[in-house]
Amino acid sequence: MQNHNKNGKGLQPCTWVWLIMMLLTLVTYFSDTLGLSNLAISLGVLLLALIKGHLVGAYFMELRYVRGFWRWPITIWLLLPGILISVAFYLTSLQNPG
Amino acid sequence: MPPRANSAVADALPEEPPTRYPPGDLAIWIFILAELAIFGIAFVAYAFARMYNVELFNEYQQHLDRRSALANTLVLITSSYFVVRAVHAIRKDNSHLCVRWLLAAMAMGALFLLIKGAEFAHHFALGINLSTNTFYMFYLFLAIFHFMHVIMAMIILAAVALKARRGGYSAREHTGVETGASYWHMVDLVWLILFPLVYVMH
């Protein structure tokens with residue numbers, strides 16, 4: 001994987017991805033302080049987790065260079081449980097308003 | 001299993017050419033998908049079990065140490081980054097640097113186990129176990145199962161580092177390094193979902 005900038009200067013893409021994931025993790029931890037509803041926080045931090053998962057798959061596991069079948073299992077693994085967990089939390093919020 | 005494109009050549013290119021297969025041995029990817037399926041089912045089961053026990057889950061979730069979980073998330077993400085650097089190093093034929101990155105990743109793994117182990121010790125000292133309640137059943141199952149995977153991944157990385165130290169990998173042939181790296185990233189990937197689901201979402 002060519003992971004340097006073309007001119008060889010600046011941070012490598014994998015270093016950017018690492019920093020972004022660290023930042024998103026801190027946002028997740030402090031999400032309670034944003035003043036949002038429990039459902040909004042839950043779905044928001046889940047979305048952040050799915051984004052981080054995508055970054056791991058695409059940049060760390062290097063699936064962005066893969067074409068065909070093997071490009072998709074990680075994405076599907078993130079989306080399928082992600083959607084089902086979101087549905088479960090949404091239904092729970094309907095049953096327990098406030 | 002199909003090796004990746006000749007990495008010595010690939011490194012000279014502006015972009016990695018598209019390939020049909022992910023890095024490392026294809027067998028590890030089949031294993032990774034099987035592991036991910038188990039964790040995925042457990043995550044969904046947790047979310048729906050919570051639906052029927054929402055007060056219980058919300059109450060006992062407060063007893064978990066979120067600060068330790070945050071530290072562990074940062075530690076695992078950093079370890080994954082170190083593993084990426086190890087793969088880059090071997091692709092440049094630098095075994096010595098590869099080993100150093102792998103050792104750094106393993107040190108992060110050990111730190112994860114230490115923090116998580118302290119958390120488990122705290123729970124067990126309070127008499128908490130799998131049968132305490134539904135929340136702890138899910139929490140302990142997921143956390144201990146993941147803990148075991150971190151140990152397994154560290155053993156794999158240790159074997160890879162040992163072989164790399166003996167000059168067993170090169171820019172031309174480093175499938176073993178990529179295989180170990182892929183497994184380590186899977187362990188990281190699982191924790192990235194486990195952390196918000198069990199510790200944060202309520």
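The sequence lines fix the lettering, A, B, ..., with proteins before strands; numbering per chain opens at 1. Owing to the predicted nature of the structure, the values given are computational and were not obtained by experimental measurement.
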Working to the nearest 0.5 angstrom, can you tell me the gap between [X] [atom1] and [Y] [atom2]?
X        : Y       : atom1 : atom2 : value
B:Phe39  : A:Trp77 : CZ    : CH2   : 8.5 Å
B:Phe48  : A:Leu84 : CZ    : CG    : 5.5 Å
B:His185 : A:Leu63 : NE2   : CG    : 10.0 Å
B:Asn72  : A:Thr25 : CG    : OG1   : 11.5 Å

Measuring heavy-atom distances to chain B, does [X] have an atom under 4.5 Å in its side chain, in its backbone, in both, or in neither?
X       : value
A:Val56 : side chain
A:Ser86 : neither
A:Leu24 : neither

Below 4.5 Å, heavy atoms only, C-beta onward: do [X] and [Y] meet side chain to side chain?
X       : Y       : answer
A:Trp70 : B:Leu26 : yes
B:Thr73 : A:Lys52 : yes
A:Met22 : B:Thr78 : yes
A:Thr92 : B:Arg50 : yes
B:Arg66 : A:Tyr29 : yes

Please give me the minimum heavy-atom distance between [X] and [Y], naming the atom from each residue.
X        : Y       : value
A:Val66  : B:Pro22 : CG2-CA, 3.8 Å
A:Phe89  : B:Ala47 : CE1-CB, 4.1 Å
A:Pro81  : B:Val44 : CA-CG2, 3.8 Å
B:Met186 : A:Met61 : N-CE, 3.6 Å

Within 6.0 Å of [atom1] in [X], more than 12 heavy atoms from elsewhere:
X        : atom1 : result
B:Phe124 : CZ    : yes
A:His54  : NE2   : no
B:Arg100 : CZ    : no
A:Gln95  : CD    : yes
B:Arg67  : CZ    : no

Heavy-atom distance under 4.5 Å to chain A: side chain of [X], backbone, both or neither?
X       : answer
B:Trp29 : both
B:Arg85 : side chain
B:Ala37 : backbone
B:Ile77 : both
B:Ser80 : both

Self-check item: Pairs meeting criterion ring pair (Phe, Tyr, Trp, His ring centres under 6.0 Å) with involvement of residues 53-81 of chain B, two or more places apart
Solution: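 Sorted result for residues 53-81 of chain B: A:Trp18-B:Tyr81, B:Tyr46-B:Phe57, B:Phe57-B:Phe135, B:Tyr60-B:His63, B:Tyr60-B:Tyr136.
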
Quiz prompt | Residue-level interface, residues 189-202 of chain B with chain A, non-hydrogen cut-off under 4.5 Å | solution =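 Checking residues 189-202 of chain B against chain A gives B:Leu189, B:Val190, B:Leu192, B:Ile193, B:Phe195, B:Pro196, B:Leu197, B:Val200, B:Met201, B:His202.
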
Exercise. Identify, with sequence neighbours excluded, every residue that meets side-chain contact (heavy atoms from CB on, under 4.5 Å) alongside A:Leu79.
Key: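 Counting only residues at least two positions away or on another chain, A:Leu79 forms a side-chain contact (heavy atoms from CB on, under 4.5 Å) with A:Thr75.
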
Quiz prompt | Non-neighbouring partners of B:Val99 that pass side-chain contact (heavy atoms from CB on, under 4.5 Å), sequence neighbours left out | solution =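 Result, side-chain contact (heavy atoms from CB on, under 4.5 Å) vs B:Val99: B:Leu103, B:Ala164, B:Arg165.
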
